[in-house]
Amino acid sequence: MYPYPSGDLHAGHWYAEAPADAAARFKRMQGYNVLFPMGFDAFGLPAENAAIKRNIHPATWTYSNIERMTEQFKQMGAMFDWSKRVVTCDPQYYRWNQWFFTKFYEKGLAYKKLSPVDWCPNCNTTLAREQVVGDERRCERCGTPVIKKNLSQWYFKITDYADELLDFAGMDWPDKVKTMQTNWIGRSEGAEVTFKSEQGDDITVFTTRPDTLWGATFMVLAPEHPLVDRLTTDDQRSAVEAYVERASRMTDIDRQAEGKEKTGEFTGAYAINPVNNARIPIWIADYVLMSYGTGAIMAVPYGDQRDFEFARKFGLDIVPVVRPDGVDEVDEADLSEAYAGPGVLINSGPLDGKVNNGEKGRDNPAVAAAIDWLEHHNAGREQVTYRLRDWLVSRQRYWGTPIPIVYCDACGIVPVPEDQLPVELPSDVAFMPTGESPLRSHEGFLNTTCPECGGAAQRETDTMDTFIDSSWYFFRYLSPGLDSAPFDRTLANAWMPVEQYTGGIEHAILHLLYARFFTKVIRDLGLSDVDEPFTRMFNQGMILGEDNEKMSKSRGNVVNPDELVTEYGADTVRAYLMFIGPWDEGGPWNSDGINGITKFFNRVWSLVLEPATDDGAANEADRKALRRAVHIAIKEVSEDFQNFQFNTAIAELMTLSNAMSKAKSSTMVEADEWREATRTLLTLLAPIAPHLSEELWHRLGHSASVHLEVWPSFDPTATELDTVTMAVQVNGKVRAQIEVPKDASKEDILVTAKANDNVARYVEGANINREIVVPGKLVNLVVK
RNA sequence: GCGAGGAUGGCGGAAUCGGUAGACGCGCUAGAUUUAGGAUCUAGUACCGCAAGGUGUGUGGGUUCAAGUCCCAUUCCUCGCACCA
């Protein structure tokens with residue numbers, strides 16, 4: 001994932017990019033054709049805030065940050081291909097955001113709608129549902145609790161792709177991310193049922209439990225439901241209006257602060273339950289959300305805890321409709337909570353006796369029977385509902401892609417034609433955050449002519465959510481300079497999808513969901529054949545301050561990578577970050593530990609370059625042992641890189657260098673095995689410490705780069721041993737170690753084991769009941 | 001409340017088709033070298049114990065010749081969602 005150009009590279013950037021670079025280098029040495037690009041997510045609020053605070057233009061601030069961060073990335077020694085760099089605030093990039101917007105509009109995937117939206121009072125802009133986080137409903141960017149506003153905004157119809165987005169087939173992604181996306185999309189199977197009010201209005205509800213329809217004893221509408229005003233009777237009007245007014249003024253936080261205590265008001269109206277013609281009261285309550293389903297529910301207090309609480313509080317009827325297995329009779333008066341489990345349907349007319357097995361949808365015989373009944377009687381139909389909402393993409397801010405729409409009194413909404421793109425962001429605007437886009441007060445931008453009729457018209461002044469920029473930038477890497485299309489189709493079909501993507505878990509249901517959606521629309525626009533953007537996804541953890549807290553200036557626990565590079569060198573910083581622990585776990589920085597890497601690299605240096613001081617003779621067994629250590633390292637390090645286990649890869653390299661230190665002697669350094677060892681050590685180390693390994697490689701006399709070396713191949717015969725050490729246990733406790741030929745028979749192993757003095761001590765005078773031999777591992781003698 | 005993940009020495013962490021727990025590193029102890037050294041090298045370092053030996057992977061059970069690893073229960077921590085009908 002490309003970074004936001006915030007200023008300087010911080011420890012988190014290093015933690016995200018250095019191991020990714022090591023993995024890319026490993027793949028290149030293995031012979032793969034690797035494209036490892038870097039770019040900048042350059043639109044966004046911090047640039048505008050910097051402009052307001054320091055009186056510097058967002059573009060100036062952004063581009064100077066990009067320059068600085070690019071230099072810092074080069075210091076890291078990362079192999080980024082800078083010729084492929086993508087900068088999203090560049091008009092040559094964002095013109096394609098605008099182009100996509102018009103294509104979405106043509107396809108009906110972009111639309112404008114007036115509705116209550118989430119508004120961040122600090123950022124002064126609307127937000128997408130995905131950008132409101134936590135139980136206090138805070139702005140994802142700045143942490144301020146959001147409020148509701150009724151505004152006309154542009155949306156992308158991501159809900160059209162809900163079902164396809166639930167399909168993760170062939171994707172090697174963390175289960176956590178797949179689960180989070182699945183829950184976010186929130187598919188529910190059930191039925192849509194239409195009730196009629198006594199005045200004759202259709203009131204449609206969604207339910208996952210149509211089998212409990214005969215237990216519906218009242219209806220509840222969301223306070224914002226459009227029928228509330230019509231249905232409310234005169235004698236109830238003042239109470240209902242007061243309730244609606246109160247609900248509209250309450251924030252979501254206030255609603256939650258009231259806990260789960262139910263509130264509501266009777267409208268005075270009644271509806272007819274279509275399955276049994278029962279006359280049931282219609283209430284309004286804020287526990288029914290206008291934004292989910294149809295904004296109205298049938299209430300089945302017997303089977304739903306919320307409806308149960310509501311019924312008990314307001315004295316409404318409760319009709320038992322499911323008899324749990326093993327219960328003879330259900331008495332409504334005895335109930336203390338709703339029953340949502342399996343059982344047999346009762347009091348349900350034609351469905352009496354049907355079995356509710358607790359499964360969802362048509363897998364449940366009772367639900368299937370209910371849907372069939374509804375469809376047969378024209379009272380409802382099978383229906384699927386999603387939690388996912390359409391993506392609100394309008395932002396009332398300056399530093400983003402202008403939405404390429406013109407409003408004409410004569411022609412209405414007119415997309416800007418392709419040959420007039422990009423709609424460039426004017427540079428001379430006032431950045432005061434007024435709650436309206438700063439572009440609104442820029443006359444030259446605002447006033448234009450209609451592309452269709454040529455009459456006076458006004459531009460849309462909102463800009464696009466920056467998550468649009470990041471939804472397709474990976475395509476742009478393939479042909480960043482192209483000005484005839486967003487990307488080269490042939491290259492895209494050859495290179496995409498991204499075979500390995502890495503980034504933080506915080507984008508599990510933001511960027512990673514939007515990018516999947518965009519990729520599918522790009523496919524459906526006929527621009528590529530790619531279904532999914534990222535085949536394999538890995539979430540690295542977060543690097544914390546030494547105090548085990550998130551790094552922040554106010555805590556004073558920020559680790560500055562520039563200072564570390566000055567003191568220890570880039571390779572040491574890279575390697576230490578990889579050594580600290582598993583990459584997906586992250587963890588606290590520890591300034592003591594980095595010395596271990598410094599010592600390791602110093603040891604490698606002298607191992608390769610210093611003459612041997614010990615003039616002991618190396619015999620054939622010594623040379624064989626060294627070769628064995630080398631090939632164990634090749635095997636382990638290769639597997640570790642493949643699995644992104646950089647910490648154990650470095651541990652293996654340390655083990656190899658320790659073995660080499662022990663083996664080094666004036667005769668050994670003349671041997672082929674020693675030359676293989678040094679060559680292997682440097683090639684295995686190259687992805688982790690690219691500068692050090694290159695320097696040593698050249699000092700050894702090579703003229704080509706170590707980074708162009710072929711990854712060493714593992715020779716299994718080199719690691720085979722003539723004898724193996726086995727543990728001997730007596731009753732599961734280790735009592736001795738024995739050495740046996742590697743292909744010794746079980747019988748021979750047992751003879752050797754029993755001959756051991758210490759084993760004999762524990763076995764003496766007892767019966768051996770069982771003898772377990774795991775060849776090459778251990779012997780366990782069970783005695784009594 | 002629902003869902004996911006985790007708990008191993010003084011510290012970061014190794015090891016899970018069940019098979020010698022603590023690889024590798026930090027720190028610490030002792031020694032060597034040194035005018036000196038936050039340098040380097042050597043040896044040691046889970047805990048209790050003089051030793052023999054015993055005990056140990058959050059807690060309590062279970063399966064097994066054998067459990068960090070499998071099963072049941074439970075505590076705590078982290079993350080995500082949350083009146084979603």
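Everything numeric here is computed off the predicted structure, so don't read it as measured data. Naming convention: chains lettered A, B, ... in sequence-line order (proteins, then strands); numbering from 1 in each chain.
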* To do: When you get a sec, tell me which of B:G27, B:G19, B:A85 is the closest nucleotide to the side chain of A:Arg306?
  => B:A85

* To do: Send over the distance from A:Met180 CE to B:U78 C1', rounded to a whole Å.
  => 13 Å

* **A:Lys178 NZ to B:C81 P, straight-line distance once rounded to whole Å** => 20 Å

* **Ion pair A:Arg187/A:Asp163, N-O distance below 4.0 Å** => yes

* Asked: Which one, B:G54, B:C24, B:G19, comes nearest to the side chain of A:Lys733?
  -> B:G54

* Asked: So, does the side chain of A:Gln729 form a donor-acceptor pair with the base of B:U20 at under 3.5 Å?
  -> no

* To do: Determine the contact category for A:Val774: base if any of its heavy atoms lies under 4.0 Å from a base atom, sugar-phosphate if only primed atoms, P, OP1 or OP2 are that close, otherwise nothing.
  => base

* Side chain of A:Phe579 (C-beta onward), nearest among B:C24, B:A66, B:A85 -> B:C24

* To do: For B:C26, take OP1 and OP2 only and decide whether either is under 4.0 Å from a side-chain N or O of A:Lys599.
  => yes

* Asked: Would you say B:G25 has OP1 or OP2 under 4.0 Å from some side-chain N or O of A:Asn658?
  -> yes

* Out of B:A85, B:G3, B:C24, which nucleotide sits closest to the side chain of A:Val288? -> B:A85

* Partner of B:C76 by Watson-Crick or G-U wobble geometry, both contacts under 3.5 Å, or none? -> B:G6

* P atoms of B:C26 and B:G13, separation to the nearest Å -> 16 Å

* Heavy atoms under 4.0 Å, any strand shown: does A:Ser188 hit a base, just sugar-phosphate, or nothing? -> sugar-phosphate

* **Integer-rounded Å distance: B:U55 P and A:Asn731 CG** => 12 Å

* To do: Searching all strands shown, indicate the nucleotide that pairs with B:A36 (Watson-Crick or G-U wobble; both distances under 3.5 Å).
  => none

* **P atoms of B:G12 and B:U64, separation to the nearest Å** => 36 Å

* Give A:Tyr762 one of three labels, base, sugar-phosphate or nothing, depending on what nucleic acid heavy atoms sit under 4.0 Å from its own. => sugar-phosphate

* Structure fact -> Which of B:C81, B:C65, B:A85 is nearest the side chain of A:Thr208? It is B:A85

* Residue A:Ile772, side-chain heavy atoms: nucleotide from B:U20, B:C65, B:A82 that is nearest -> B:C65

* **Sugar-phosphate, base or nothing in reach of A:Glu771, heavy atoms under 4.0 Å** => nothing

* To do: Quick one: do A:Tyr302 and A:Thr217 satisfy side-chain hydrogen bond (donor to acceptor under 3.5 Å, both in side chains)? Show the steps, please.
  => CA-CA 9 Å; A:Tyr302 177 76; A:Thr217 52; over 6 Å; no

* When you measure from the centre of the six-membered ring of A:Tyr762, is the NZ or CZ of A:Arg735 under 6.0 Å away and within 45° of the axis? -> yes

* Asked: Base, sugar-phosphate alone, or nothing: which one does A:Arg735 contact when heavy atoms must sit under 4.0 Å apart?
  -> sugar-phosphate

* To do: With a 3.5 angstrom cut-off on both distances, give the Watson-Crick or G-U wobble partner of B:A51, or none if there isn't one.
  => none

* **Contact under 4.0 Å: A:Arg387 side-chain N or O vs B:A82 OP1/OP2** => yes

* **N or O in side chain of A:Arg761 less than 4.0 angstrom from B:G53 OP1/OP2** => yes

* Structure fact -> Here the distance between atom C1' of B:G13 and atom CD of A:Glu652, to the nearest Å, is 14 Å

* Given that both distances must come in under 3.5 Å, which nucleotide forms a Watson-Crick or G-U wobble pair with B:G18? -> none

* Asked: Atom CZ of A:Arg603 to atom C1' of B:G25: distance rounded to whole Å?
  -> 10 Å

* Asked: With rounding to whole Å, what would you report as the distance between B:G5 and B:A85 at their P atoms?
  -> 23 Å

* To do: Using the P atom as the reference point in each nucleotide, state the distance between B:G6 and B:A15 in Å, no decimals.
  => 14 Å

* Answer yes if the side chains of A:Asp202 and A:Thr194 hold a donor-acceptor pair under 3.5 Å, and no otherwise. => no

* Take the protein atom CG of A:Asn756 and the nucleotide atom P of B:U20, then report the distance between them rounded to whole Å. => 18 Å

* To do: On RNA chain B, check which nucleotide each of A:Arg770 and A:Asn758 is closest to and give me the residue with the more 5' one.
  => A:Asn758

* Asked: Does A:Tyr576 place a side-chain N or O at less than 4.0 Å from the phosphate oxygens OP1/OP2 of B:G13?
  -> no

* **Selection from B:C24, B:G53, B:A85 that lies nearest to any side-chain heavy atom of A:Thr207** => B:A85

* Report yes if a donor N or O on one partner sits less than 3.5 Å from an acceptor N or O on the other, where the partners are the side chain of A:Asp592 and the base of B:C26; otherwise report no. => no

* To do: For A:Tyr287 and A:Glu309, test the side chains for any donor-to-acceptor distance below 3.5 angstrom and give the result as yes or no.
  => no

* Go through the side-chain N and O atoms of A:Tyr576 and A:Asn590 and say whether any donor and acceptor fall under 3.5 Å apart. => no

* Asked: Say you pick atom C1' in B:U8 and the same atom in B:G68; how far apart are they, in whole Å?
  -> 7 Å

* Asked: Taking the P atom of each, how far is B:G44 from B:C24, in whole Å?
  -> 12 Å

* Between A:Glu610 and A:Lys664, does at least one N-O distance fall below 4.0 Å, as a salt bridge requires? -> no

* Asked: B:G18 and B:G27: how far apart are their P atoms, nearest whole angstrom?
  -> 38 Å

* Derivation of the salt bridge (Lys or Arg N to Asp or Glu O under 4.0 Å) call for A:Glu771 and A:Lys746 -> CA-CA 10 Å; A:Glu771 296 169 336; A:Lys746 287 193 177 186; over 6 Å; no

* Of the nucleotides B:C84, B:G53, B:G25, which one has an atom closest to the side chain of A:Leu289? -> B:C84

* Structure fact -> Closest to the side chain of A:Tyr287, out of B:G13, B:A52, B:C83, is B:C83

* Structure fact -> Classified by glycosidic angle (syn within 90° of 0, else anti), B:G9 comes out syn

* Inter-nucleotide P distance (B:A14, B:G25), Å rounded -> 15 Å

* For A:Pro588, which contact category applies under a 4.0 Å heavy-atom criterion: base, sugar-phosphate, or nothing? -> nothing

* Asked: Can A:Arg387 be said to sit on top of A:Trp184's aromatic six-ring, NZ or CZ under 6.0 Å from centre and within 45° of the ring axis?
  -> yes

* RNA chain B: 5'-proximal contact among A:Asp304 and A:Gln737 (nearest heavy atom) -> A:Gln737

* Quick one: sort the A:Trp173 and A:Phe168 rings into parallel, tilted or perpendicular, breaks at 30° and 60°. => tilted

* Rounded to whole angstrom units, what separation is found between the CZ atom of A:Phe600 and the C1' atom of B:C26? -> 15 Å

* Closest to the A:Asn647 side chain: B:A14, B:C84, B:G19? -> B:A14

* Structure fact -> The Watson-Crick or G-U wobble partner of B:G31, with both key distances under 3.5 Å, is B:C41

* Within this structure, what is the CG-to-C1' distance between A:Asn539 and B:G80, rounded to whole angstrom? -> 13 Å

